[in-house]
Each structure stands twice: as C-alpha cells, then as structure tokens.
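Below is one structure, written out as structure tokens; comments come after it.
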Amino acid sequence: MTVRTRYAPSPTGALHIGNVRSGLFAYLFARHNQGAFILRIDDTDQERSTAESLDEILDSLRWLGVDWDEGPPDRKYFQSSRFERYRESALKLLREGKAYPCYCTTAELDAMRKAAEREHRKPGYDGRCRDRTAPADLLKVELPDKRAGRNYTIRFRSPREGTTVVDDLIKGRAVFENTELDDLIIFRSDGVPTYNFATVLDDSDFGMTHVVRGDDHLPNTPRQMQIFYALGLIPPAYAHLPMVMGPDGQKLSKRHGATSVFAYRDLGYFPEALLNYLVRLGWSHGDQEIFSLQEMFDYFDFANCGKSAGIFNAEKLLWLNFHYMKELPLTRLVHDVKPFIELKGWTVPGDDVWLEKMIATLRERAKTLVELVEFASFYLNDEITIDPKAAAKFLKPDIAEPLAAAADELDALESDFAEVSIQGAFERVLARFNLKLGQLAQPVRVALTGGTVSPGIYEVIAVLGRARTVARLRNAISLAQGTEPLTH
RNA sequence: GUCCCCGUCGUCUAGCUCGGCCUAGGACACCGGCCUUUCACGUCGGUAACACGGGUUCAAAUCCCGUCGGGGACGCCA
C-alpha cells in the first residue's frame, strides 16, 4: 500500500516552527516511502481563517522546499469546500442513532463543567441529551441551522464501555477507558462541523495511511478512532510527535520571540538550516548532525524519533546557519544576499563575480545574511564612518608616512591587483620603515574599513580595488595628521 | 482536579527493543591551549548527565514496581 500522509494547517496565523516540524516529519515519512504528501487546509473556522495567512503558509512551505503532491490551489483540499460531505455523514450518524441533537445551553454546559471540577472529575459533557430524543424521532432530526430556528448541536454517541487502544508508531500503546470519552460535538449550532469530525472524514476520503501530528493531539485520537468505527471506516496508523517547547519548558509560542518560519527567513537564515535544525529536534541518525534533504528522505523513520519533548535551542540553529553560510555555493549566497542589501537601502552592485569575492571574505565571520550585510557595509558604501576610538589608537601622526608609502606602492602596482602583489607592496613598506606587519595592518584596516575588525587585510584590499583603497588611505593620512574630520 | 504522554550533560541526542563492548559517545553552548596582521575560521584539550528509591540478576542507563518531577488534553478552537 502506498503511504499517504498529510499536513493540515489552519490558516489562522503565521506558520509556526513547532507546527511546521510536524508537517516536515509527515513529509519526510512520505518521501522516505515513495508515498504521497497531501496538503490540506483546515479552514472550518471561517471567523479566524484569512487569505493572508493562507498565503503565508504556502509561501513558507515553498521557501522551505517542502512540496506537496496534492493540495492547494485545488479547492478540493479545503475543508470549507467539503461542507456537503460533512453534512451527509452527520445525517447518516443521526439516522443510525450514532449521533443525537443536544439542546444544552452554554450556561448549562458551563455549570456542568464547574460541578465536575468541584467533584474532582474530568470536566466533560454528562450525556444528558443522549436519550432525550426517541429513536423514532431521531430519524426526523435535521442538522442545526440557526436561521431556521434549529439552534442545537449534534453530538457523537460515544461508547460507554470498553477501551480504545491507540497503537502509536512513536509512543507505543496508549489505552483509553471509553468512559473518559465524553460525547463530543460534531456539528455546531451554526451548522459548521467541528475539527474532530471533519478531520476524520478528510483523513478517510483522502486515503491517509498515516496521520503524523503533534502529541497534543493524542487525547483526540481515541475519539477520532471511535468516529471512524461508527462510520464503518478503518482508522489510519498514528504517529504522535513530541512537542517543541520554549526555553522555559512551556509550549512554544509567540511570547518566546521569533517563532514563525518567515521570522527566520527575514533574520537571514537559510531554509536548509531551519530544516536541518527541525529534523534533529526529535529525530536522530546516529551522531550525524548535518543532513541534506535527500539524506533526510533516505534515513527518516519513526523508529529513530524520540518520545520526549524538545526545547527549541536558537543557538544550535544559529550554528547550523553558520555551517550553511560556509558550505553553500557562492552563487547561491550572492542571490540570497541581494534582498538584504536592498533592505538596508544600499545599492546592490551589478557585478556578481565581485559580490562573490566580497562574500568569500565575510562568510566565515557572519552567522546570518543580516549579519553578513552589516559586515559588508565598508565594501558596499563609499562613505565609511571611522570609529573615533580606532582612529585615536591607530591613526597617529607617525603612521602617516608609512600609510603614504603604502598608498604609493599599491597605486604603482601594475594591472595585477591580487593578494600576492599586495603582500609584496606591504613587505616593501615594512622593510623601509622597519615595522612589524601588525603595526601597519591595523592602521590600514582602520583606514579602509573604519574599524579594527575585518577580514584579512590583503583580501580586503583585493576586493576593494586600487582606486577605493588608495582614496581611503589618502583620506586616513590627513586624518592621522589631524587635519580631517573623523567622518568623510 | 481527571485522563494521557514523557524523564541520559545547561540544550539536542547516541546507547535502552536483544542487560555485560559504557571508565556513558557525539553535537551546540561554555572554559583553556595552538594558529594568527585584527576578528573570525580551523585545530587540540577540558568542565558537564543515566531524576530518586526499591527490587530482579554474577552483572542494569538498559528489565519490573513505586515515588517525585515535567508536559499535554479536558471548547459550539484546530
């Protein structure tokens, strides 16, 4: 049997990191087994669903490189287009006496919950409407419709005895007493099906063989299985993944800072890094830390998924991003960095080869694209700001002469402006003034970059080129002599 | 409160299914050495964990029981 898994986000907000990991695992399991990955949109809650968040979810998945075999834009995979199907099934359950109308008011339900709490019982529906409608009348019951005055809900008649066993692919066996399962609402009074009901029909209709989701859904599973049984259907296999927690050990949420996929994209992270981080949170393949998408496809399985919740560790993600910064092809980095340069309001250089050289000198010093662009400021702007402290320390009058000599030597270099020739020029200046490299390199660094921290000085000069290098050196000479303002 | 899930370094984890190879391995972070024109990269080394208590056994991180701790679910949200 071909494996079919799904990811079913609700378009009620941004695509969350913890949430997308469940989708990723479902995706990997499908790919590992040459199966199909289905994207379904759980938008029954029309009040909270928005087109914007749907777009963000789809774009986030595309950015990550998670592709689906079936799903949007095909309307068939939107729950909102399947209401007829849900109605028909609910009616069927009603006719068979497997569901019944509930006339309880919200106030009544609240009182019930409070009472249960007082008596130290699990708060839940006590089934008072279960037998309120005679079997014969059940055949005539219609679905709720507020406008037609049918202001009630439809509840599922849950079994009162026995147990429901969930043999989870990750957690193992969990046994639930059926008495723990109260009669849940399958149709709201506004005529909209609820999640637990709709999801069962969808998982069945779309042929899901494996339902992969967060373990916060584990308590829903026996209820959903009972609905499958009532409908005469066979439930899929389940795999409940441990959740992702924030640093405080609580369920990851917005208050933990950046949690959406787009937040990380905008912070200058690579999709490869995010995916790699997510896959290693709750899954492992021996001691391997770095995984290409293909390797994830090849190795992923539930046997190597952990059972315990994991805490989201932003530092490890950063490290992975840094890893990909160093490993990804320069052409790719050139492509990816441009939007971040634009965001700064700087002109994006047209010469990709030059950008590659620039990035080559920075990639080992920046962990994100945002950081890289910040470091690249002195490469990308002619107006550099010289740090006053650095100037005070390294641009003193007695360095003016060596700097002038360096400027002349560099200017005199023939067409070849490579690192070796630059080094040669430096060595000549060093010998002439009897200086150590550091004594010249730091002032030059300040002159060219504005600060005391930068890539190797020969690299910087090679990338900057003759004209800009010499101009900045000459400017620094005046500064060292105390005749120029700090900013030029 | 009730039900369910979970418990190896600060964090992610290997090992647990089939007890001995575990003096508990790797990674991030942290600390120190080396490299060095700055900052990094790199490299070498270090600190650091089997939640606790009972069993079973010649032998337990690995099997059993209990305790404690953490999380999740209890909605006309998904």
Side-chain angles (χ1 to χ4, degrees), chain A residues 8-10 12 19 42-45 47-49 79 102 104 106 109-110 113 116-125 144 151-155 166 168 170-172 174-177 179-182 184-196 198-199 213-222 240 242-243 245 247 249-251 277 280-290 303-304 306-320 322 326 362-366 375 390 394 426 436-442 444-446 449 451-458:
Chain A
S10 288
T12 53
N19 197 311
D42 280 11
D43 60 349
T44 49
D45 187 346
E47 256 119 76
R48 295 196 302 146
S49 299
Q79 287 188 327
C102 171
C104 293
T106 311
L109 260 17
D110 281 347
R113 268 189 282 274
E117 219 168 301
R118 265 200 307 279
E119 291 158 37
H120 294 186
R121 287 181 293 110
K122 186 172 182 167
Y125 182 65
N151 197 9
Y152 47 80
T153 61
I154 302 296
R155 285 187 186 268
V166 180
D168 193 83
I170 292 172
K171 302 279 183 169
V175 180
F176 295 84
E177 291 293 333
T179 47
E180 290 295 326
L181 278 26
D182 64 352
L184 73 160
I185 291 172
I186 59 174
F187 251 84
R188 304 198 224 150
S189 58
D190 60 1
V192 173
T194 57
Y195 163 77
N196 275 306
T199 206
R213 50 170 40 156
D215 70 10
D216 48 340
H217 282 284
L218 194 50
N220 283 328
T221 305
H240 285 96
M243 316 213 58
M245 307 300 201
Q250 307 285 307
K251 196 171 170 176
Y277 177 72
R280 279 287 288 107
L281 184 55
W283 175 79
S284 61
H285 181 70
D287 287 337
Q288 188 169 340
E289 295 287 349
I290 306 298
N304 290 308
K307 294 179 173 187
S308 50
I311 291 173
F312 182 78
N313 184 198
E315 303 225 293
K316 187 142 186 184
L317 206 208
L318 233 205
W319 173 76
L320 276 163
F322 185 39
K326 287 179 290 186
L362 296 173
R363 70 196 318 196
E364 287 178 350
R365 295 171 168 78
F375 287 157
F394 294 107
F426 262 64
K436 279 190 270 185
L437 181 53
Q439 294 173 293
L440 181 62
Q442 276 306 79
V444 170
R445 194 184 312 281
V446 175
T449 72
T452 55
V453 172
S454 85
I457 200 65
Y458 305 141

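Below, chain A is the first sequence line, B the second, and so on; all start at residue 1.
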*Reckon A/G456 touches a base, only the sugar-phosphate, or nothing at all at heavy-atom distances under 4.0 Å?*
base
_B/A48 versus B/A40 - spacing of their C1' atoms, nearest Å_ = 27 Å
_Which heavy atom of A/A116 sits nearest to which heavy atom of A/P123, and what is that distance?_
CB-CA, 3.8 Å
*asked:* With a 3.5 Å limit on both atom pairs, tell me what B/U67 is paired to, counting Watson-Crick and G-U wobble, or say none.
replied: B/A51
_Measuring only the C1' atom in each nucleotide, how far is B/G10 from B/A51? A whole number of Å is fine._
16 Å
*asked:* By the 4.0 Å heavy-atom rule, please label A/T153 as base, sugar-phosphate, or nothing.
replied: base
_Using only modelled atom types and a 3.5 angstrom limit, is any donor from either the side chain of A/T194 or the base of B/C76 paired with an acceptor on the other?_
no
*When we call it a touch if two heavy atoms are under 4.0 Å apart, what does A/F176 touch: a base, just sugar-phosphate, or nothing?*
sugar-phosphate
_Looking at B/A27, which nucleotide sits across from it as a Watson-Crick or G-U wobble partner, both distances under 3.5 angstrom, or is there none?_
B/U11
*asked:* How many whole angstroms separate atom NZ of A/K316 from atom P of B/G10?
replied: 15 Å
*Expressed in angstrom and rounded to an integer, what is the separation of A/F312 atom CZ from B/C28 atom C1'?*
13 Å
*Under 4.0 Å between a side-chain N/O of A/S284 and OP1 or OP2 of B/A14, yes or no?*
yes
*With both distances under 3.5 Å as the test, what is the Watson-Crick or G-U wobble partner of B/A61?*
none
*What nucleic acid atoms does A/Q250 come within less than 4.0 Å of, heavy atoms only: base, sugar-phosphate, or nothing?*
sugar-phosphate
*Paired with B/G32 by Watson-Crick or G-U wobble geometry, both distances under 3.5 Å: which nucleotide is it?*
B/C44
_Once you apply a heavy-atom cut-off of 4.0 Å, does A/R118 come out as touching a base, just sugar-phosphate, or nothing?_
nothing
*asked:* So A/F322, base contact, sugar-phosphate only, or nothing? Heavy-atom distance under 4.0 Å.
replied: sugar-phosphate
*Considering every strand shown, what is the Watson-Crick or G-U wobble mate of B/U17 when both distances are under 3.5 Å?*
none
*Could you tell me whether A/R280 and A/E289 make a salt bridge, using a distance below 4.0 angstrom between a side-chain N and a carboxylate O?*
yes
*asked:* Please determine whether a side-chain nitrogen or oxygen atom of A/Q288 lies at a distance below 4.0 Å from atom OP1 or OP2 of B/G26.
replied: no
*Cation over ring, A/R445 on A/F394, under 6.0 Å and within 45°?*
no
*Report which part of the nucleic acid A/I457 touches: base, sugar-phosphate, or nothing (heavy-atom distance under 4.0 Å, all strands).*
base
*Between A/K251 and A/E119, name the one whose nearest nucleotide on RNA chain B is closer to the 5' end.*
A/E119
*Write down the distance between CG (A/D287) and C1' (B/U8), rounded to a whole number of angstrom.*
14 Å
*Side chain of A/W319: nearest nucleotide among B/C77, B/C74, B/C28?*
B/C28
*Going by heavy atoms in the side chains, are A/T221 and A/F176 under 4.5 Å from each other?*
no
*State whether the side chain of A/Y277 and the backbone N or O of A/A314 hold a donor-acceptor pair below 3.5 Å, judged by distance alone.*
no
*Could you tell me whether A/T44 contacts a base, only the sugar-phosphate backbone, or nothing, with contacts defined as non-hydrogen atoms closer than 4.0 Å?*
sugar-phosphate
*Roughly, in whole Å, what's the span from NE2 in A/H217 to C1' in B/C4?*
15 Å
*Give one of base, sugar-phosphate or nothing for A/P455, where a contact means two heavy atoms less than 4.0 Å apart.*
base
*asked:* OP1 or OP2 of B/C3 versus the side-chain N and O atoms of A/K122: is any pair under 4.0 Å?
replied: no
*asked:* For A/S189 versus A/N151, what's the shortest heavy-atom pair and its separation?
replied: CB-OD1, 3.6 Å
*Tell me whether B/C22 sits syn or anti, counting syn as a glycosidic angle within 90° of 0.*
anti
_In this structure, how many angstroms lie between the C1' atom of B/G72 and the NZ atom of A/K171, rounded?_
9 Å
*Can you find a side chain N or O atom of A/K326 that sits less than 4.0 Å from OP1 or OP2 on B/A40?*
no
*asked:* Partner lookup for B/U2, please. Criteria are Watson-Crick or G-U wobble with both distances under 3.5 angstrom; report none if nothing qualifies.
replied: B/A73
*B/G26 C1' sits how many Å from A/N304 CG, rounded?*
15 Å
*Okay, side chain of A/T44, backbone of A/T194: is any donor-acceptor separation there less than 3.5 Å?*
no
*asked:* Students often get this wrong, so: under 4.0 angstrom with heavy atoms, is A/N220 touching a base, only sugar-phosphate, or nothing?
replied: base
*Taking the C1' atom of each, how far is B/G69 from B/C63, in whole Å?*
23 Å
*Give me the one residue out of A/K171, A/H217, A/R213 that meets side chain to side chain donor-acceptor pair (under 3.5 Å) with A/H240.*
A/R213
*Toward the 5' end of RNA chain B, which comes first, A/Y277 or A/D43, by nearest nucleotide?*
A/Y277
*How far, in whole Å, is B/C16 from B/C64 if one measures between their C1' atoms?*
14 Å
*Taking atom C1' in both B/C28 and B/U23, what distance in whole Å separates the two?*
25 Å
_Would you measure the distance from the P atom in B/U67 across to the matching atom in B/C21 and give it in whole Å?_
31 Å
*Which part of the nucleic acid, if any, lies within contact of A/S189, taking any heavy atom under 4.0 Å across all strands shown: a base, the sugar-phosphate backbone alone, or nothing?*
base
*asked:* From CG of A/N313 over to P of B/G10, roughly how many Å is that when rounded to an integer?
replied: 13 Å
*Can you tell me, in whole Å, how much space there is between the P of B/U56 and that of B/G15?*
29 Å
*Under 4.0 Å: is that the gap between some side-chain N or O of A/R113 and OP1 or OP2 of B/G75?*
yes
*Hey, is the side chain of A/E289 pairing donor to acceptor with the base of B/G26 inside 3.5 Å?*
yes
*asked:* Without decimals, in angstroms, what is the distance between A/R445 CZ and B/C39 C1'?
replied: 8 Å
*Once you round to the nearest 0.5 Å, how far does CG of A/D110 lie from OG1 of A/T106?*
7.0 Å
_Between B/U47 and B/C35, how many Å separate the two C1' atoms, rounded to a whole number?_
24 Å
